Amino acid sequence: MNAPANSATPALVDRYGRSVDYVRLSVTDRCDFRCVYCMAEEMTFLPRSQVLSLEELFQVAQAFVQLGVKKIRLTGGEPLVRSNVLSLIERIGALAGLEELLLTTNGSQLEKFAPALRKAGVTRLNISLDSLDPERFRAMTRTGDLAQVQRGIEAALGQGFKAIRLNAVILKGRNEHEILDLLHYALRLGVNIAYIEEMPLGAMSDHDRALTTCSNDDVRKVIETRHALTPMALKTAGPSRYYSIAGSPTRVGFISPVSHNFCATCNRVRVTVEGRLLLCLGNEHSVDLRQVLREHPEDEARLKDTIAKAMDLKPERHHFYTNDAPQLVRFMNMTGG
Ligand code: SAM
Ligand code: SF4
């Protein structure tokens, strides 16, 4: 992961002049949790034949890095429940030109995996945590064990990750009264925290999104009753805005894909576990990489060419809602959060 990318490699640039140097790669649609905002209680997962093999996932990652991508995030589903995922992570971590390898996890397997992930080249971890109350945690994840996740978080501390960030999705009437408790937990551990607005992905039987979505402006107001938040100069190309709290290394992020428009600086694309290259989280524009991989398994040049041409399909902005109605039926575990 140390050698610089070949300067002769073509950068991925879309029709609006945006450079794409960040890929989120979903390594499985499966998960040991069933978070209420992410999955239905009863989920049908993809048959194995439709899912990219570890080798195919590696080929996709390699092609993107050869096309100038600097940052890959592994996600899912829960990436750490895929068997032998560590072998994939080690191979991606060793790709010359890749500067950052990130992983988003629910933390359930971290106690076991944290040291090996760092060793394999993962530089930053995002760990989802919506509640510090065991019963509420169980209710929001439907199956999760808070103590197990907290042991995972503790196992990750001190491994030398550049940053660890807790991700909290705040829902009205469920965990909105834990906004400050979650922040204080992050402050105590010296890790970052991001509050994520729920996105309208997938049809949900469990709750009506219009009633439960809690805007980040409301979350920020709650925090500001106790802490002064100072906006950080740090600008990300995505939908996050970061703040600092005096005397603490903890960054407080607000990820507001729905209420704030971040599309003008978007630098990322996603690859689903079926090998669908999604050009935008809030649109259906996509290209089937699995077909290229399977019909031309040895043809790296064709794969790279398909990816480079796909940039022309990247839409100017997201469309989560059409006439106020959510229009996407993909679940987050399919999309790769
Ligand atoms: N299983 C891992 C985890 O939970 O961190 C990685 C995949 S998960 C889909 C990635 C992130 O997406 C998590 O932080 C989760 O809270 C968030 N997420 C899932 N569904 C969402 C939704 N409808 N709106 C906003 N965030 C969502
Ligand atoms: Fe699983 Fe992550 Fe979705 Fe929760 S948010 S159900 S942990 S994939």
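Note that ligands are numbered from 1 as they come in the structure, with each ligand's atoms numbered from 1 the same way. Residues: numbered from 1 along the sequence shown. This structure is a prediction, so every number in the text was calculated from the model and none was measured.
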Donor on one side chain, acceptor on other, [X] and [Y], under 3.5 Å:
X	Y	result
D130	N175	no
Q150	E154	no
Q148	S108	no

**Asked** Is it the side chain (CB and beyond), the backbone, both or neither of I196 that lies under 4.0 Å from ligand 1, heavy atoms counted?
**Response**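 The answer is the side chain.
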Numbered atoms of ligand 1 (with element) below 4.0 Å of [X], judged on heavy atoms:
X	answer
T75	6 (C), 7 (C)
V169	16 (O), 26 (N)
G76	7 (C), 9 (C)
T105	2 (C), 3 (C), 5 (O)

**Check: N126 N/O within less than 3.5 Å of ligand 1 N/O** =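 For ligand 1, there is no N or O atom that lies under 3.5 Å from one belonging to N126.
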**Item:** Contact (N/O only, under 3.5 Å) between Y37 and ligand 1
**Value:**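 Yes; the residue has a nitrogen or oxygen that sits under 3.5 Å from a nitrogen or oxygen of the ligand.
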**Asked** Given the rule in the side-chain contact (heavy atoms from CB on, under 4.5 Å) test, do V51 and F45 qualify, once you have shown the distances and angles that lead to the verdict?
**Response** CA-CA 10 Å; V51 167; F45 295 109; over 6 Å; no
**Message:** Closer than 4.0 Å to some heavy atom of G77 - which atoms of ligand 2 meet that?
**Reply:**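 So the atoms of ligand 2 that pass are 8 (S).
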Options [options], ranked by nearest heavy atom to [atom], top entry:
atom	options	answer
atom 2 (Fe) of ligand 2	P79, C31, S108	C31
atom 7 (C) of ligand 1	C31, G77, G144	G77
atom 13 (C) of ligand 1	S128, A194, G107	S128

**Request:** Measure across V36 and R174 and return the closest heavy-atom pair with its distance rounded to 0.1 Å.
**Result:**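 Scanning both residues completely, I find the closest heavy atoms to be CG1-NH1, 4.0 Å.
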**Asked** Under the side-chain contact (heavy atoms from CB on, under 4.5 Å) test, which residues partner N167, sequence neighbours left out?
**Response**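 Listed in chain order: T104, N126, S128, R165, A194, I196.
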**Message:** Looking at atom 3 (Fe) of ligand 2, is there an N, O or S atom belonging to C35 that lies under 2.8 Å away from it?
**Reply:**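 C35 does not place any N, O or S atom closer than 2.8 Å to atom 3 (Fe) of ligand 2.
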**Message:** Ring-plane angle category for F254 and Y195, please: parallel below 30°, perpendicular beyond 60°, tilted otherwise.
**Reply:**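 Parallel: the ring planes of F254 and Y195 meet at under 30°.
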**Prompt:** Contact between C35 and ligand 1, counting heavy atoms under 4.0 Å?
**Reply:**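 Judged by the 4.0 Å heavy-atom criterion, C35 does not count as contacting ligand 1.
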**Request:** State which residues pass side chain to side chain donor-acceptor pair (under 3.5 Å) with R118; sequence neighbours excluded, sorted by chain then number.
**Result:**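 For R118 there are no side chain to side chain donor-acceptor pair (under 3.5 Å) partners, ignoring immediate neighbours.
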**Request:** Run the contact test for S128 against ligand 2 with a 4.0 Å cut-off on heavy atoms, strictly below, and give the result.
**Result:**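 Checking ligand 2 against S128, which is what was asked, there is no heavy-atom contact under 4.0 Å.
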**Asked** Hey, does E274 have a side-chain heavy atom less than 4.5 Å from the side chain of R290?
**Response**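 Answer yes - side chains close enough.
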